[in-house]
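Notes for the one structure printed next.
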Amino acid sequence: MKRLRSRSPARKTINQSINPFTNKQYSNKYRKLREEREKLPIFDALPQFDKMFNKNQVVILQGETGSGKTTQIPQYILEKGYAKGKLVACTQPRRVAAMSVAKRVAEEMDVELGQQVGYSIRFEECAGPNTLLKYLTDGMLLREAMTDPTLDKYGVIILDEAHERTLSTDILFGLLKEVLQKRKDLKVVVMSATLDTEKFLGYFKNAPLLTVPGRLYPVELFYTEFPEEDYLWATVRTVMQIHAFEEPGDILVFLTGEEEIESTCDSIRKEAARYKDNVGKLSVIPLYSSLPPAMQQKIFEPAPEVNSNGIPGRKCILSTNIAETSLTIDGIVFVIDSGLSKQKCYNPRMRVESLLVSPISRASAKQRAGRAGRTRPGKCYRLYTEKSYKRELVESTAPEILRSNLANVVLQLKILGIENLVDFDFIDPPSPETMMRALETLHYLRALDDEGELTEEGRLMSEFPLDPELSKLLIISPKYSCGEEMLNLVAMLTSPNPFLRPRDHEDAADKAKSKFVNKDGDHITLINAYQGFENEGRQPYWCSKNFLNPRTMRGAAEIRDQLVVKMNKLDIPIISNKHNISENIRKCIISGFFMQVVHKEKANFYMTLKEKQHVALHPSTGVMRPDWAVYHEYVLTSKKYIRIVSSINPEWLIEIAPQYFDLSHFPDTNGKKLLQEIIDGKNTQK
DNA sequence: ATATGCCTC
């Protein structure tokens, strides 16, 4: 208390035991938390931040994990009155973070969550008229900007975790730069981990930088002497070496995906079984996002107890990137880094997004290593050479905006009133080809007119939290009397694959799925599965019995409910008529996905029409080699596959999307010839 | 004749 008084004499007159936000006495818990807060590295930097923020519209704050910036800066800004009666917003890339940080800050400020401090994420708004500080996902703030492009209700906007460069954060950057010109009362803080701050400094030209130390213990780095030929075997070897010879402490291994993680878990368990009681017990735990929550919880269970020789046990967690940013596990002392991860990339010429196993960046490597130093000094074993770390890894991973299909982004920018996309100030401008593709797609979908202006339909599309192709299906569904079916379908298509196929129950799983399968197409199979779930009162038990992932199905239901609310708000009637329903469903799908059509050029040989890509039907499909098909997704694994496929009649293409099937722009294929015949036939009929 | 990193509206 003494310390506080001497720092701000003005406070002497205020009764320090009263919370100015609630006019109530501070609780004991508040005092306890206050002591903890004063120990955070950010605490001593607050006066300096104050000075900077007073003088500048934008401040960039660089602080490592554990500095306390996410909890302390927003409430400090609020206490100091920087928002001038308006709200303070703090964005987060993930929902869980927005929620949990808001909860923590409400406790620290001794207020009720949802009152002065709240949060806003998809499916849940926990904020109200009294809210002064709101944590929200970056996507949510972007949504708000679509109805209020100057974000007028906010006096201060804090972009946290800016170094992650999510799509939404990158768009907000460009938008805020324009709004800062128009609104001199608005202030912005960009908060980031070390990397990329120079990029932000270059972007906000006059913004000062404040650096705050983190709270990490040193992590000793080890590299391999020569490049590893088999990093999975190297992983097993390194785990066993640590387990046999190193001091106690848990191990975290970074690999690329589910399959690899499960099989490496098996190998390690097998190796560990060969050891006797002269080493401790080893518990090997897989971690990836599609793992059921109960299994994910295992990472927080304590390590195995001491064995009969009194040697303590150890946990070894094999994880995807989920443990790099989304999940923190305490007690990790050893990290093993394969140097690889699966990354999304977009090929505008082929119009496809795909996942590729690629080398990580140096920034990621540092982040992974840091996971070993959270509770005490740690060690990180990199399964690559120091030379390759220095010369072959890139400094930081390309931002998402350079690796994505931008149809949705361009639609959002149009709604935000960005007239000239070429002049929009992206931190990293996407390639002209990607922008062109996005504009072209939106034009074909009739979201933009021939002048590139938004159409009424485009406005409707932007209202849905979906890709424009999927919004199109909902908007056009009354025409084909399949509203309920499209809601089911869209909810399922935006969720992960719900069909479970456990290794030891493959036949049973296939049999369960066969009850939903429709020969006309996998889209209808998805609709049937969802309808079954709905008919059974959304029971998780029914899901498990039918080899459907209960969590995925519940998520789909949540999305569907939100879409129904939107449909009602936009006055789009939900009409369903069982007559001719299969044909109507597939025609409706073509209205949005006419760009994703294949023709069977020869037996067993499918080709996409415009890109002339040779593709194969994914083995999970239930359709019987139709001549023509519409597909939902292109996946590049051992082969080029198309997944979720429905058979179609080529005449529907000409009828529904004549704007796209101007065949003069198509390469020569048998498919093109057949379509031309259909068009010629139509013309002679007239 | 088989798999899909992490997220967000």
Side-chain angles (χ1 to χ4, degrees), chain A residues 91-98 120-125 136-147 161 164-172 254-263 287-291 319-327 338 340-345 353-358 360 364 367 397 399-401 403-404 408-409 411-412 415 461-468 470-471 494-503 506 509-510 549 552 555 558-559 562-563 565-566 604 616-621 625 632-644:
Chain A
T91 68
Q92 295 294 318
R94 284 166 292 278
R95 285 191 229 160
V96 184
S120 174
I121 59 176
R122 187 178 188 178
F123 306 127
E124 199 185 349
E125 172 91 19
L136 74 180
T137 49
D138 48 10
M140 206 66 193
L141 186 63
L142 194 56
R143 270 283 141 190
E144 289 187 7
M146 287 165 74
T147 49
E161 311 288 2
E164 288 194 28
R165 304 290 305 276
T166 65
L167 264 182
S168 298
T169 298
D170 263 20
I171 303 169
L172 285 169
F254 285 101
L255 297 175
T256 67
E258 172 177 346
E259 165 90 29
E260 181 181 277
I261 284 171
E262 290 291 357
S263 71
L287 176 65
Y288 42 87
S289 74
S290 63
L291 210 60
S319 172
T320 59
N321 259 355
I322 193 168
E324 200 179 297
T325 48
S326 309
L327 268 174
S338 65
L340 298 168
S341 72
K342 282 190 188 171
Q343 287 165 35
K344 182 172 75 177
C345 54
E353 270 181 358
S354 44
L355 278 180
L356 283 182
V357 173
S358 328
I360 59 171
S364 269
Q367 174 75 15
T397 315
E400 206 182 355
I401 202 161
R403 296 183 285 120
S404 307
N408 218 356
V409 169
L411 185 61
Q412 280 173 337
I415 292 287
M461 285 181 196
S462 75
E463 290 277 339
F464 289 96
L466 298 168
D467 279 338
L470 293 168
S471 310
T494 48
S495 305
N497 178 16
F499 295 107
L500 299 172
R501 201 162 181 266
R503 275 194 208 159
E506 289 180 354
D510 291 343
N549 184 332
T552 305
E558 216 170 2
I559 293 169
Q562 190 188 30
L563 296 175
V565 171
K566 257 300 176 219
N604 235 345
L617 299 184
H618 194 275
S620 65
T621 188
R625 313 208 149 275
H632 182 248
E633 196 171 44
Y634 168 103
V635 290
L636 185 74
T637 51
S638 51
K639 250 192 196 176
K640 294 177 206 157
Y641 286 109
I642 50 172
R643 214 181 70 101
I644 308 180

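Letters A, B, ... are given to chains in the order of the sequence lines, protein chains preceding strands, and every chain is numbered from 1.
Closest heavy-atom contact between A:Ile559 and A:Thr494: CD1-OG1, 3.8 Å. The minimum heavy-atom distance between A:Ser462 and A:Met146, with the atom names listed, is O-CE, 3.5 Å. The shortest non-hydrogen separation linking A:Thr320 to A:Gly257 is CG2-CA, 4.0 Å.
Counting to the nearest Å, the C1' atom of B:dC7 and the CD1 atom of A:Ile171 are 14 Å from each other. The CD-P distance, from A:Glu161 to B:dT8, rounds to 13 Å in whole Å. Between the C1' atom of B:dT8 and the CG atom of A:Asp467 lies a distance of 11 Å, rounded to the nearest Å. Look at CZ on A:Phe123: it is 15 Å from P on B:dC7, rounded to the nearest Å. Whole-Å rounding puts the A:Glu144 CD to B:dC9 C1' distance at 11 Å. Taking atom CG of A:Asn408 as the reference point, atom P of B:dC7 lies 19 Å away to the nearest angstrom.
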Sugar-phosphate or base contact per nucleotide [nucleotides 1-6 of chain B; S, B, -; heavy atom under 4.0 Å]: -BBBBS
Can you check side chain to side chain donor-acceptor pair (under 3.5 Å) on A:Glu164 and A:Thr169, steps first, answer last? CA-CA 8 Å; A:Glu164 288 194 28; A:Thr169 298; over 6 Å; no
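Using a 4.0 Å heavy-atom distance criterion, A:Leu167 is classed as making no nucleic acid contact.
A donor-acceptor contact closer than 3.5 angstrom is absent between the side chains of A:Gln343 and A:Thr397.
Partners of A:Tyr641 by ring-ring contact (aromatic ring centres under 6.0 Å, His included), not counting sequence neighbours, listed by chain and number: A:His618.
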